[in-house]
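Since the structure comes first, as structure tokens, the remarks are kept for the end.
Ligands are counted one by one from 1 in listed order, and the atoms in each one are counted from 1 as well.
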Amino acid sequence: MKLANLAGRAALVVGDRAIDLATVTDGDLGPDVQPLFARWPEVQAVAARLGADDGHPFDPALLGPPVPRPAQVFAIGLNYRAHAEESGMELPEVPATFTKFPACLNGPFGDVEVPTDTTDWEVELVVVIGELADRIAEGAAWDHVAGLTVGQDLSERTVQFAAGRQFSLGKSFRGFAPIGPWVVTPDELDNPDDLALGCSLNGETVQSSRTSDLVFTVPQLIAELSAVVPLLPGDLVFTGTPAGIGSARTPPRYLHPGDVLESWVEGIGSIRNTMVAARP
Ligand code: ZN
């Protein structure tokens with residue numbers, strides 16, 4: 001099942017068509033997307049009896065973030081070995097965790113204001129929590145995942161490393177968390193623990209890896225995080241970025257207005273974000 005946020009309304013996506021969930025359930029489910037992650041089995045039951053014939057063609061430009069108002073957004077640093085190496089950092093023994101403040105969420109095709117000349121890219125697999133995950137063991141972790149989506153952990157490196165290390169603020173400028181194009185349930189994927197992911201800048205591939213290279217796997221992240229704090233339905237976990245970020249290059253390379261950043265995860269889809277000048 002693929003669930004999207006189409007112009008603010010929950011939509012099941014089948015092929016190139018969208019089914020408005022509130023319309024087909026007489027308003028029982030939707031149109032608001034966010035409450036659906038707490039009612040995921042009901043959404044899946046409705047999806048199981050619908051097909052492309054129930055949908056209509058749609059304009060991808062109308063897609064918003066498929067998880068519009070998560071209560072919590074976790075993000076993990078240094079979670080691919082080669083990325084830790086390019087950053088000159090030791091691999092952490094526990095997940096290096098920060099937040100992206102939820103108001104920085106952006107749609108899959110939204111523009112991103114570039115606030116400075118040290119703004120960087122980080123393609124990531126993003127986990128969407130379904131059923132409450134509170135002190136969950138690794139073996140049960142996937143049962144608490146509603147689905148997966150593609151994300152960019154855009155990062156303003158100067159603010160990120162100012163004042164000690166304030167990752168959360170430097171990674172939460174307006175529009176710095178584009179996600180989408182939809183949430184895909186794990187059962188749609190051959191192996192949700194091994195997905196190719198990457199991103200390109202103006203058509204040139206700059207990151208390319210597989211999620212099987214994650215240092216802390218999705219189940220391990222859910223176990224570690226939920227041992228500290230409950231993960232709520234519709235929460236997000238940005239699982240970390242592979243090697244190939246701009247700031248680790250020689251010379252460093254950053255994003256500028258006019259740049260087009262395309263990001264993908266195998267079996268989920270692609271998002272495409274255009275960099276624009278920041279408003280004064
Ligand atoms: Zn990141």
Atom of [X] nearest the Zn ion (ligand 1) (restricted to N/O/S, atom name only):
X    : result
D153 : OD2
E122 : OE1
E124 : OE2

TODO: Begin from the C-alpha positions of K171 and S155 and carry the test side chain to side chain donor-acceptor pair (under 3.5 Å) through to its verdict.
DONE: CA-CA 4 Å; K171 288 165 171 278; S155 303; 2.9 Å; yes

Task: Atom pair CD1 (I222) and CG (L231), whose distance is rounded to the nearest 0.5 Å - done: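 With rounding to 0.5 Å, CD1 (I222) is 7.0 Å from CG (L231).
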
TODO: Verify whether one side chain among Q44 and T185 offers a donor that lies under 3.5 Å from an acceptor in the other.
DONE: no

Task: Those residues that, when tested against W40, pass ring-ring contact (aromatic ring centres under 6.0 Å, His included) (two or more places apart) - done: F37

